[in-house]
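Down below is the structure, laid out as structure tokens.
Chain A is the first sequence line, chain B the second, and so forth, proteins listed ahead of strands; every chain is numbered from 1.
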Amino acid sequence: MKYVDEFRDGTLARKLADAIAREADPGRNYAFMEFCGGHTHAISRYGVTDLLPANVRMIHGPGCPVCVLPIGRIDMAIRLALSRPDVTICTYGDCLRVPASDGLSLLKAKARGADIRMVYSAADALALAQKLPEREVVFFAIGFETTTPPTALVLRQAQALGLANFSVLCNHVLTPSAILTILESPEVRELGTVPLDGFIGPAHVSTIIGSRPYAFFAEEYRKPVVIAGFEPLDVMQAIRMLIRQVNEGRAEVENEFTRAVSEEGNLKAQGLVSEVFELRRSFEWRGLREVPYSALRIRAPFAAWDAEAKFGLEFVSVPDNRACECGAILRGVKTPIDCKLFGTVCTPENPMGSCMVSSEGACAAHYNYGRFRDIPVVAGTAS
Amino acid sequence: MKYVDEFRDGTLARKLADAIAREADPGRNYAFMEFCGGHTHAISRYGVTDLLPANVRMIHGPGCPVCVLPIGRIDMAIRLALSRPDVTICTYGDCLRVPASDGLSLLKAKARGADIRMVYSAADALALAQKLPEREVVFFAIGFETTTPPTALVLRQAQALGLANFSVLCNHVLTPSAILTILESPEVRELGTVPLDGFIGPAHVSTIIGSRPYAFFAEEYRKPVVIAGFEPLDVMQAIRMLIRQVNEGRAEVENEFTRAVSEEGNLKAQGLVSEVFELRRSFEWRGLREVPYSALRIRAPFAAWDAEAKFGLEFVSVPDNRACECGAILRGVKTPIDCKLFGTVCTPENPMGSCMVSSEGACAAHYNYGRFRDIPVVAGTAS
Amino acid sequence: MCLAIPARIVELLPGDACRVDLGGVRKEISLALVDGAEVGDYVIVHVGYALSKLDEEEAEQTLALFAEAGLAGPALAAATEDGA
Amino acid sequence: MCLAIPARIVELLPGDACRVDLGGVRKEISLALVDGAEVGDYVIVHVGYALSKLDEEEAEQTLALFAEAGLAGPALAAATEDGA
Amino acid sequence: MSLAGTVRKGYVRPLDLKHGRVDMGHGAGGRAMAQLISELFAAAFANEHLDRGDDGAVLPAPAAGERLVVATDAHVVSPLFFPGGDIGCLSVHGTINDLAVMGARPLYLAASFILEEGFPLADLARIVASMAHASRESGVPVVTGDTKVVEQGKGDGVFITTTGVGALPVGREIGGANARPGDAILVSGTLGDHGMAIMAQRESLAFDSEIASDTAALHGLIGAMLDAVPTIRVLRDPTRGGLATTLNEIATQSGVGMELDEAAIPVQPQVAAACELLGLDPLYVANEGKLIAICAADDAEPLLAAMRAHPLGERAARIGTVTADPNAFVQIRTSFGGRRMVDWLSGEQLPRIC
Amino acid sequence: MSLAGTVRKGYVRPLDLKHGRVDMGHGAGGRAMAQLISELFAAAFANEHLDRGDDGAVLPAPAAGERLVVATDAHVVSPLFFPGGDIGCLSVHGTINDLAVMGARPLYLAASFILEEGFPLADLARIVASMAHASRESGVPVVTGDTKVVEQGKGDGVFITTTGVGALPVGREIGGANARPGDAILVSGTLGDHGMAIMAQRESLAFDSEIASDTAALHGLIGAMLDAVPTIRVLRDPTRGGLATTLNEIATQSGVGMELDEAAIPVQPQVAAACELLGLDPLYVANEGKLIAICAADDAEPLLAAMRAHPLGERAARIGTVTADPNAFVQIRTSFGGRRMVDWLSGEQLPRIC
Ligand code: SF4
Ligand code: SF4
Ligand SMILES: [Mg+2]
Ligand SMILES: [Mg+2]
Ligand SMILES: [Mg+2]
Ligand SMILES: [Mg+2]
Ligand SMILES: [Mg+2]
Ligand SMILES: [Mg+2]
Ligand SMILES: [Mg+2]
Ligand SMILES: [Mg+2]
Ligand SMILES: [Mg+2]
Ligand SMILES: [Mg+2]
């Protein structure tokens with residue numbers, strides 16, 4: 001796979017590891033947050049940690065759209081699907097197992113008879129609505145800036161087609177607002193309990209929004225940002241670039257993913273998004289509570305395709321499980337093993353919190369890929 | 001089972017057999033038509049023939065509502081069910097296997113995805129419509145005068161309830177018109193190919209219409225009629241009574257089933273039927289072709305529940321399989337073994353004609369119960 | 001489908017319905033077509049509806065007729081007039 | 001769901017769609033968000049949509065940077081200015 | 001059932017057997033499936049073979065001089081629970097009976113489950129407990145198994161296929177092809193109980209009765225019968241299609257006719273009445289704890305005595321005689337005094353009875 | 001399959017295998033079922049055991065000194081036909097493999113069918129022909145069977161449960177509990193082919209590729225392997241849950257850890273690419289013609305040589321080593337240079353793959 005395999009090359013990885021080791025100052029610690037779950041996944045999947053010096057620590061940020069989706073939003077979809085037998089909810093596969101109220105999830109609601117279907121793309125949900133005119137097809141849309149333009153597209157198509165049985169339950173959220181909230185959190189800002197030396201920004205978000213929106217953080221909060229691709233060499237290179245900025249006292253927005261990210265981003269997609277969506281005044285994030293201007297809602301001309309308006313859906317905030325530390329983990333304050341439930345009560349089969357759901361969540365990534373690090377391995381007797 | 005078992009008693013049967021043998025004139029042949037499939041079934045099921053003298057022959061008449069239902073009527077239901085996925089057809093179990101056009105039957109249409117359900121009673125169809133408000137429930141009603149009052153009742157109930165998703169595809173037919181047609185057929189009237197010395201009339205039809213409607217035949221055509229119950233002793237007693245009439249040169253309507261049949265019948269049921277139904281000018285019968293004033297249709301005030309009106313269903317007459325002798329068999333002109341298809345191409349699993357469908361049909365009764373009579377049994381070596 | 005069997009009413013139910021007993025098996029049927037049926041009466045049941053009541057005396061007489069058939073003789077003549 | 005992978009356009013299809021190839025596997029995706037993409041171009045694919053084109057020259061340069069990492073030295077500085 | 005016991009206890013929350021439901025993950029082959037198997041199936045069926053946790057069971061072979069007998073049956077009965085039993089015990093009895101009527105000693109069962117997404121785990125637990133109970137009572141362990149899950153609307157709660165392995169002594173030849181003219185035809189008890197117990201539950205035909213399924217394992221009865229008459233020629237359990245169809249099968253296999261005596265055929269009054277009500281014939285209604293035996297006429301009395309001495313054969317009766325008939329017609333002398341054929345079941349008499 | 005051959009030819013019209021469909025009568029136990037069995041199943045599988053037409057098969061027992069092995073699997077794959085195979089051959093291979101990985105010589109198969117009303121007889125005939133072909137090619141006959149029909153919407157075309165019986169020489173002990181620290185872990189070829197061939201057919205994820213299922217019977221390969229290294233400790237076919245889950249099963253059963261070498265694990269480029277496209281991991285994707293073998297480190301080379309000499313093992317590879325680890329963790333050294341766990345499959349990776 002061209003432009004994929006090259007960026008996973010073990011030989012190059014060793015070279016980058018050497019360079020990082022060489023350039024990292026042994027006299028100090030580096031703590032970088034990879035904002036996005038995609039990076040969390042790459043780090044765990046390829047074992048990037050093993051290639052970093054001990055004084056370079058990666059903090060998993062809140063950048064998994066599944067992880068930050070509050071219980072109350074899933075409840076809205078479940079209530080709708082269980083109360084209206086004519087409704088079909090379509091969503092991306094990752095959302096199906098997010099724990100909601102009453103011990104349910106979309107998957108468990110499906111097992112109770114709700115019509116819940118996994119789609120690969122927003123376009124599939126639209127096509128399903130066309131195929132099943134007698135059903136109400138609701139696309140449960142989640143994601144950051146990358147998945148938003150496709151949702152905008154299908155909303156515009158539904159309008160153009162006058163497709164009355166299609167609607168979108170919109171949960172799209174914004175990356176910069178989330179980063180801002182972390183930077184504004186007392187732990188980072190005042191207490192210093194979370195030493196944050198820089199951010200790795202998600203490349204695919206920037207293919208849409210460009211690199212410019214991060215300039216504010218770099219300048220205002222004096223935090224270096226490197227926008228990086230999702231292959232492990234991209235991540236390592238980004239870490240190296242962050243180390244350099246720290247070493248040199250710089251706080252800039254740098255772009256590691258020059259192969260697809262520009263400063264201004266995808267203007268066509270941006271135009272589409274602002275035609276269809278507008279800012280919500282506030283939105284609840286799991287772990288970050290209410291975050292002002294951090295999410296999108298569907299504009300008035302598209303209200304007929306807005307499931308919240310169409311079905312009169314009410315958001316009711318639901319507290320997370322008390323023992324679940326997702327909130328603190330998403331802010332970088334705690335790690336999965338700080339949670340008492342990790343690996344016993346809370347497992348990928350029975351997730352108690354959202355971080356255990358998606359393989360991009362911090363808890364799931366540690367459970368699936370990193371659990372062995374908590375327990376020393378006994379060497380094989382022979383090999 | 002009181003009033004059931006007593007009428008199947010083998011000891012009494014032998015006594016009646018003796019009486020019949022005693023009373024039948026060895027110098028002549030007797031041929032009686034049991035009009036109704038219920039009697040055909042009783043005769044075959046209990047082996048009544050074995051208790052009759054050789055010169056008393058029973059002819060199976062057209063009195064099975066399934067057997068006389070023309071292909072075109074079943075086609076109406078199948079076309080409706082296959083073309084409208086929101087339609088559920090309910091009918092009595094016997095109708096499911098009646099062969100229709102294109103190698104289909106209601107059962108095969110069901111296997112092709114049509115929603116066809118068996119009900120025990122018209123009331124069950126009505127209840128289903130109430131239970132499934134999102135579906136169009138159509139009751140495919142067939143039967144003689146006995147099943148007509150229940151259909152009338154559910155139509156009145158549907159009207160009272162304003163139940164918009166229920167309707168009836170009415171195929172109710174009338175016993176006296178069918179008998180008249182047989183009496184008027186050239187074989188009976190002119191050619192004498194069917195020697196017909198009398199009729200056994202169905203008791204349950206007469207519980208509704210009484211015995212009076214048969215008086216006309218007795219007088220006009222000089223044919224004795226005995227209304228008889230469906231237990232085998234009833235049938236034997238009726239045969240005995242017919243023999244007596246023949247011997248004595250009488251042609252009267254006699255009532256063997258005095259325990260539940262009166263001269264006037266069930267006036268309440270009759271009133272209900274005439275409130276809801278009116279005569280069709282003509283109706284096609286399988287085997288008898290078009291028979292004037294031989295069937296009922298739903299009156300105008302109930303048009304909203306008349307599936308023919310509601311769905312604009314057209315009856316298209318379809319000829320029977322050329323080789324099928326059902327028509328001649330239903331008129332008493334031929335017997336099942338006169339048909340080339342009997343027992344090879346045409347079997348209960350693959351009925352070619354309607355007489356092979358219901359166990360009350362002449363061909364099915366002979367296939368299921370009487371086939372051994374065509375082939376001499378080799379005696380057991382030991383027993 | 002031309003089944004019609006006698007069963008005994010064991011309970012009157014709301015909505016013109018009743019429960020009948022046939023050899024220990026019980027089933028709910030409609031009485032909407034028959035007036036004045038009471039617990040203990042036998043009715044002729046067809047597709048879930050009582051079509052008529054059964055006259056027990058007549059039933060016994062019919063059985064008696066059958067029984068007499070064994071005896072040679074003209075016992076039948078009188079009875080048939082009765083029944084027509 | 002945060003998958004985003006580069007794939008090569010092998011066929012333009014009606015309705016702003018195209019077929020892409022990834023290691024011999026082909027899939028239809030939407031080009032509605034990207035202008036001017038042509039057969040042979042690589043695009044970044046996410047939930048069935050191309051998000052942007054991939055600049056092959058930049059990709060080669062990035063790989064070259066990685067390769068240089070093995071050599072001690074300050075080769076990186078210049079490159080990063082390039083990229084930001 | 002390859003994952004029996006492979007999930008460490010305490011590492012995950014136990015299955016919610018009260019309110020939980022089957023979901024697709026329970027069939028995906030991963031940890032959820034391993035948990036379902038170990039906490040539900042392996043716990044209920046526990047035995048040394050199953051506990052091994054491999055993809056199959058390793059078992060002692062039959063004794064020298066014995067042959068193997070293998071029988072398999074899918075069980076798709078609806079409803080799953082019915083008076084007198086449920087799909088669980090039915091699936092154990094049904095396959096044990098198929099082995100036993102071959103004259104075999106039933107040794108082992110394999111059980112394969114197809115679960116529908118959304119099926120309550122509480123119901124599944126009840127069914128599995130019933131299977132385990134039937135298996136223990138009959139002394140035939142479930143030694144291996146399999147679990148699949150299908151989407152809601154692609155199954156019907158649970159389907160269970162059981163496969164049985166038994167041992168058959170060399171020289172014992174029981175089979176449907178062995179009936180000879182003159183042989184006596186026996187049944188072990190009343191007919192139609194199982195099918196009518198199921199029928200009573202069908203929404204559209206519901207009636208009240210005390211009819212209960214006769215589901216039972218017959219190998220004990222058969223053992224007693226073979227002790228009394230080792231030369232029994234045919235044994236068969238008249239399940240789907242009832243006595244009538246099973247006799248037609250045997251007649252066709254053996255190339256013989258049969259003549260039955262209706263008056264001798266035992267049918268419970270309530271079963272007869274329910275059949276009357278619905279227009280059914282008890283000869284075509286399914287049984288799950290009855291058998292047909294055919295033996296030489298001279299052996300009929302001792303065989304009948306042996307059957308009647310066993311609790312499952314108390315109402316055994318001799319119901320007819322094998323005749324020579326190249327047409328393989330089964331005929332009956334009716335109690336009424338006539339004669340007719342008793343043909344194969346045509347169409348469906350009762351849906352989904354086993 | 002008790003009715004095989006019991007319907008007289010010429011007496012009824014043959015089944016319409018072109019346009020006919022399964023209806024409820026085909027499962028009711030009567031003549032329609034007998035016809036389906038005799039004209040379709042019995043005709044395709046014909047062998048002396050099945051032809052007997054009883055409710056079970058009477059079979060020669062294994063040789064003296066051999067034990068029995070029994071394995072059962074329900075097959076519910078969707079779609080029923082896929083590149084490289086169909087549910088028919090899959091159901092034969094799957095169960096043969098479960099016997100073969102126990103070290104057993106597969107002898108007989110029992111097949112139980114659950115058909116959905118309305119299923120085209122033409123499709124059923126194709127599936128049965130494919131089963132019969134797989135059965136003949138593998139030399140393992142279908143000796144008994146069963147057929148049930150469920151209403152439309154209560155099934156999914158056809159489900160097939162196959163149960164296999166095999167013979168295992170005394171002294172041969174292969175099982176998931178036998179892995180020991182230091183042992184070598186081998187696979188017989190590329191991983192994930194079957195699951196991705198199925199995935200490519202799913203409407204919502206459809207992609208074009210040349211990926212075909214690897215479905216195959218492995219007893220020939222295993223025979224060759226046992227000839228070369230009779231002391232193989234563990235064999236298993238990594239089906240549902242893929243390599244990852246199967247290794248975790250073995251690790252847990254044996255109470256050992258494992259360390260894999262990602263670079264050594266064979267995966268076809270198109271399978272890797274398709275996984276990339278859908279966000280899946282080939283280690284969790286199902287295989288139907290591959291096996292895992294674990295043997296003493298010293299035996300690894302001869303075993304690998306034996307595998308590579310067989311057509312089904314050409315791409316065999318040594319992929320890792322068993323470690324001592326009371327946590328039974330399976331770990332992997334990534335090609336990238338890091339290390340991570342390879343855990344049990346959690347949730348569902350691919351629905352209805354077997
Ligand atoms: S382990 Fe589970 S409960 Fe604990 S923080 Fe993570 S998701 Fe929340
Ligand atoms: S045997 Fe069949 S084709 Fe012939 S008359 Fe009877 S129903 Fe018609
Ligand atoms: Mg198995
Ligand atoms: Mg059986
Ligand atoms: Mg299995
Ligand atoms: Mg269901
Ligand atoms: Mg059997
Ligand atoms: Mg069997
Ligand atoms: Mg298997
Ligand atoms: Mg069977
Ligand atoms: Mg289906
Ligand atoms: Mg296996």
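A distance of 11.0 Å separates CD in D:Glu68 from CG in A:Leu12, rounded to the nearest 0.5 Å. Atoms CZ and CD, on D:Phe66 and A:Glu231 in that order, are 10.0 Å from each other to the nearest 0.5 Å. Atom-to-atom distance recorded for D:Ser52:OG and A:Lys268:NZ is 13.0 Å, nearest 0.5 angstrom. Rounding to the nearest 0.5 Å gives a distance of 10.5 Å between OG1 of A:Thr258 and CD of D:Glu57. For the atom pair CG (A:Leu153) and OH (D:Tyr49), the distance works out to 5.5 Å, reported to the nearest 0.5 Å. For the atom pair A:Ser206 OG and D:Leu51 CG, the distance stands at 11.5 Å (nearest 0.5 Å).
Under the 4.5 Å side-chain criterion, counting only non-hydrogen atoms from C-beta, D:Thr62 is not in contact with A:Gln237. With a 4.5 Å cut-off on side-chain heavy atoms, A:Tyr120 and D:Lys27 count as touching.
Between chain D and the options A:Ala152, A:Ala123, A:Ala260, A:Gly93, heavy-atom pairs under 4.5 Å are most frequent for A:Ala260. Taking chain D as the reference chain and counting heavy-atom pairs below 4.5 Å, the highest number among A:Phe257, A:Tyr3, A:Phe7 is found for A:Tyr3. Of the residues considered (A:Thr146, A:Thr207, A:Val4), A:Thr146 shows the highest number of contacts with chain D, using heavy-atom pairs under 4.5 Å.
Salt-bridge check for A:Lys2 with D:Glu60: passed, with a basic side-chain N closer than 4.0 Å to an acidic carboxylate O.
Listed by chain and number, the residues in a side chain to side chain contact (heavy atoms under 4.5 Å, CB included) with A:Ala238 are A:Ile200, A:Val226, A:Ala228 (sequence neighbours excluded).
Residue D:Glu58 comes nearest to A:Arg259 through the heavy atom pair CB-CA, 3.6 Å, listed as atom of the first residue, atom of the second, then distance. The two residues A:Arg240 and D:Leu65 have their closest heavy-atom pair at NH1-O, 4.3 Å. Of all the heavy atoms in A:Ser121 and D:Gly48, the pair that sits closest is CB-CA, 4.4 Å.
In this structure, the portions of A:Asp234 lying under 4.5 Å from any heavy atom of chain D include both its backbone and its side chain. In this structure, chain D has a heavy atom under 4.5 Å from the side chain of A:Ile208, while its backbone stays farther away.
Inspection of non-hydrogen atoms places D:Ala32, D:Leu33, D:Val34, D:Asp35, D:Tyr42 of residues 29-43 of chain D under 4.5 Å from chain A.
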